[in-house]
Protein chains: 2
Amino acid sequence: MIRVSIIGSGNVAQHLIAAFLKAQNVGTEIELVQVYSRQIESVSHLLDLDKITNNFDALKEVDLYIILVSDDAIATVSSQLPFKNRLVAHTSGSIAIDVLNSDNRKGVFYPLQTFSKNKPIDFSSIPICLESQNATDFQLLEKVAKTISNQLFAINSEQRKALHVAAVFVNNFVNHLYQIGQEICQENQVPFEILKPLIKETAEKVMTLSPKEAQTGPAKRQDLETINAHLEFISDENHKKIYEILTQSIRTDGKKL
Amino acid sequence: MIRVSIIGSGNVAQHLIAAFLKAQNVGTEIELVQVYSRQIESVSHLLDLDKITNNFDALKEVDLYIILVSDDAIATVSSQLPFKNRLVAHTSGSIAIDVLNSDNRKGVFYPLQTFSKNKPIDFSSIPICLESQNATDFQLLEKVAKTISNQLFAINSEQRKALHVAAVFVNNFVNHLYQIGQEICQENQVPFEILKPLIKETAEKVMTLSPKEAQTGPAKRQDLETINAHLEFISDENHKKIYEILTQSIRTDGKKL
């Protein structure tokens, strides 16, 4: 049995707690021993009270501690742990492994997905990016990750930084373009609903085609007439600026004209 | 029985031909009478030869002619039709209804979706935006559209222009951001595969949440430290410019700082 404790109680922590509890229930060799939460109530709907603590000194010895706190709190929290030479992993895409305090063995356990508060998620298809400082710890991280996901990747801190930047493009920025699409619909009394099948299919397409192969539209086919008609149509200066820069980037394929 | 003919043989035309043939096979009141194609071979894998013509004069009388040609050919093709007072619809998102020649009654039959050459698509969930100049023609367009889709919308030319611009944002531009994500992965030897579940979930999220509610990430939470670390990490000037403008737009919610 591999014993794991989670330090943190936010949105992602709660999703991970639920995933480990589910793995435990179906009989995989994982045991969620404790959750550290400053406010006990934050996770009391998920766990028995005797498994929740708000005191670092009450943390039992386990095989792996997973820290799920905000990026800027990782260093502090890891340095407050009152034990040594145990395996402690953080879960952040943008923080290097060496930010963890050196009193313990360091690891990273980064599930690359966007988590919504009230939307349950199937962890089994979420890629988990693992990093450690030695092979034995990596094997342990792998065993733990395997109990909740089929998609494991060895990713070092530099690669993880790249992944996080790429994720900002394909998640945060993409979502913002959805918002602009919705704003344009609203301004013109068109239901945003009409665009939803297109949004889904656009994402679906790059599961099998490369984005470059999947690219269509006026910018791709250098259709200046349509591009100019669109720019004339768009009244919002910010939308216009974004239209121009992305059209330019598609037209020149990222190279300067 | 409603008799329909299609003028055009490109990618979207072929998807629509297949959809009508399927509707015909399952016994809905639609009959695909003819397809006009300059090159007979372009559609001979879909239809019997006696249903294909490359001669406008050979077009039989039907209830609805649907023109599926490139935007800049719509006016010309509609003016070459050798008959009068029949219902002729185009299928373009960015062309106004009045671009059609006035010898015939005008309509628009715009399926809002991205069509890939070799990827079959389920038409039933594709929104079809309809427009006509009189109520009787609208009813006919509706009847035809209903045989292949459950999602029909009355959209006038001005609204359709807005939809098309919005579609460029949520499809063309989103896909380009996928490409940038892939480029950043490639530059850093990270498999793009890792991002695919995130891409899917990002699209999935806005099926139920508004994009504004769904927005997360460093720009949204005004996390300047992460933003600056990302800008430092990105070496490509074009990627950097796009990162900056979209971050700015999220941070200020489209308003000037």
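Per chain, numbering begins at 1; letters A, B, ... match sequence-line order.
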Enquirer: Of the backbone (N, CA, C, O) and the side chain (C-beta and beyond), which part of B:Ala214 lies under 4.5 Å from a heavy atom of chain A, both, or neither?
Expert: both
Enquirer: Considering only heavy atoms, which portion of B:Gln151 lies under 4.5 Å from any heavy atom of chain A: side chain, backbone, both, or neither?
Expert: side chain
Enquirer: Examine distances only and state if a side-chain atom of A:Gln189 and a backbone atom of B:Gln159 form a donor-acceptor pair shorter than 3.5 Å.
Expert: no
Enquirer: Give, as side chain, backbone, both or neither, the part of A:Ile128 having an atom under 4.5 angstrom from any heavy atom of chain B.
Expert: neither
Enquirer: What part of B:Tyr243 lies closer than 4.5 angstrom to a heavy atom of chain A: side chain, backbone, both or neither?
Expert: both
Enquirer: Among the options B:Val206, B:Thr226, B:Ile126, pick out the one with the most heavy-atom pairs lying under 4.5 Å from chain A.
Expert: B:Val206
Enquirer: Using a 6.0 Å cut-off, check whether atom NZ of B:Lys146 has over 12 heavy atoms from anything other than its own residue.
Expert: no
Enquirer: Measuring only between side-chain heavy atoms, which start at C-beta, is B:Lys241 closer than 4.5 Å to A:Ile245?
Expert: yes
Enquirer: Report, as yes or no, whether the 6.0 Å neighbourhood of atom NZ on A:Lys240 holds more than 12 heavy atoms from other residues, nucleotides or ligands.
Expert: yes
Enquirer: Quick check on B:Glu232: does its CD atom have over 12 non-hydrogen neighbours (other residues, nucleotides or ligands) under 6.0 Å away?
Expert: no
Enquirer: Given a strict heavy-atom distance threshold of 4.5 Å, which part of A:Ala219 is in contact with chain B: side chain, backbone, both, or neither?
Expert: neither
Enquirer: So, taking the atom named NE2 in A:His230 and the one named NE2 in B:His164, what distance separates them when rounded to the nearest 0.5 Å?
Expert: 5.0 Å
Enquirer: Please look at B:Ile95 and chain A and tell me whether the side chain, the backbone, both or neither of the residue comes under 4.5 angstrom of a heavy atom of that chain.
Expert: neither
Enquirer: Kindly say whether B:Thr202 contributes a backbone atom to a donor-acceptor pair with the side chain of A:Asn171 at under 3.5 angstrom?
Expert: no
Enquirer: Checking B:Thr216 against chain A: side chain, backbone, both or neither under 4.5 Å from a heavy atom?
Expert: both
Enquirer: Taking side chain as everything from C-beta outward and backbone as N, CA, C, O, which of these in B:Leu209 sits under 4.5 Å from a heavy atom of chain A? Side chain, backbone, both or neither.
Expert: side chain
Enquirer: Side chain from CB out, backbone as N, CA, C, O: work out which of these in B:Glu158 comes under 4.5 Å of a heavy atom of chain A, or both, or neither.
Expert: both
Enquirer: Do you know which of A:Ala167, A:Pro191, A:Cys185 has the most heavy-atom pairs under 4.5 Å to chain B?
Expert: A:Ala167
Enquirer: Using every non-hydrogen atom in the two residues, find where B:Ser125 and A:Pro197 come nearest and quote the distance to one decimal.
Expert: O-CG, 3.4 Å
Enquirer: Given A:Val170, which partner from the list B:Val174, B:Leu198, B:Leu177 fulfils the side-chain contact (heavy atoms from CB on, under 4.5 Å) test?
Expert: B:Leu198
Enquirer: So which of B:Glu193, B:Lys220, B:Lys196, B:Glu187 has the largest heavy-atom pair count under 4.5 angstrom toward chain A?
Expert: B:Lys196
Enquirer: Less than 4.5 Å to any heavy atom of chain A: does that hold for the side chain of B:Tyr178, its backbone, both, or neither?
Expert: both
Enquirer: Drop me the distance from B:Asp71's CG to A:Glu225's CD, to the nearest 0.5 angstrom.
Expert: 8.5 Å
Enquirer: Do any N or O atoms from the side chain of A:Gln215 and from the backbone of B:Asn172 form a donor-acceptor pair under 3.5 angstrom?
Expert: yes
Enquirer: When rounded to the nearest 0.5 angstrom, what distance separates CD in A:Glu204 from OG1 in B:Thr114?
Expert: 12.0 Å
Enquirer: Given side chains that start at C-beta, do those of A:Lys205 and B:Asn175 come closer than 4.5 Å, heavy atoms only?
Expert: no
Enquirer: Below 4.5 Å, heavy atoms only, C-beta onward: do A:Ser249 and B:His176 meet side chain to side chain?
Expert: yes
Enquirer: Check whether more than 12 heavy atoms from other residues, nucleotides or ligands sit under 6.0 Å from atom NZ of B:Lys161, and answer yes or no.
Expert: no
Enquirer: Taking A:Met207, A:Gln182, A:Lys200, A:His239 one by one, which has the highest count of heavy-atom pairs under 4.5 Å against chain B?
Expert: A:Met207
Enquirer: Look up atom CG in A:Asp223 and atom OG in B:Ser94, then write down how far apart they are to the nearest 0.5 Å.
Expert: 7.0 Å
Enquirer: Hey, what do you get for CZ (B:Arg160) to CD1 (A:Ile194), rounding to the nearest 0.5 Å?
Expert: 11.0 Å
Enquirer: Any non-hydrogen side-chain atom of A:Phe173 less than 4.5 Å from a side-chain atom of B:Ile180?
Expert: no
Enquirer: Does the A:Asn188 side chain pair with the main chain of B:Ala162, one donor and one acceptor, at a distance under 3.5 Å?
Expert: no
Enquirer: Can you find a pair of side-chain heavy atoms, one from A:Phe192 and one from B:Pro211, that are under 4.5 Å apart?
Expert: yes
Enquirer: Please classify the contact of B:Ala229 with chain A as side chain, backbone, both or neither, using a heavy-atom distance under 4.5 Å.
Expert: neither
Enquirer: Can you say whether B:Leu246 sits under 4.5 Å from chain A via the side chain, the backbone, both, or neither, judging by heavy atoms?
Expert: both
Enquirer: Could you grab the distance from atom CD of A:Gln179 to atom CD of B:Glu213, nearest 0.5 Å is fine?
Expert: 10.5 Å
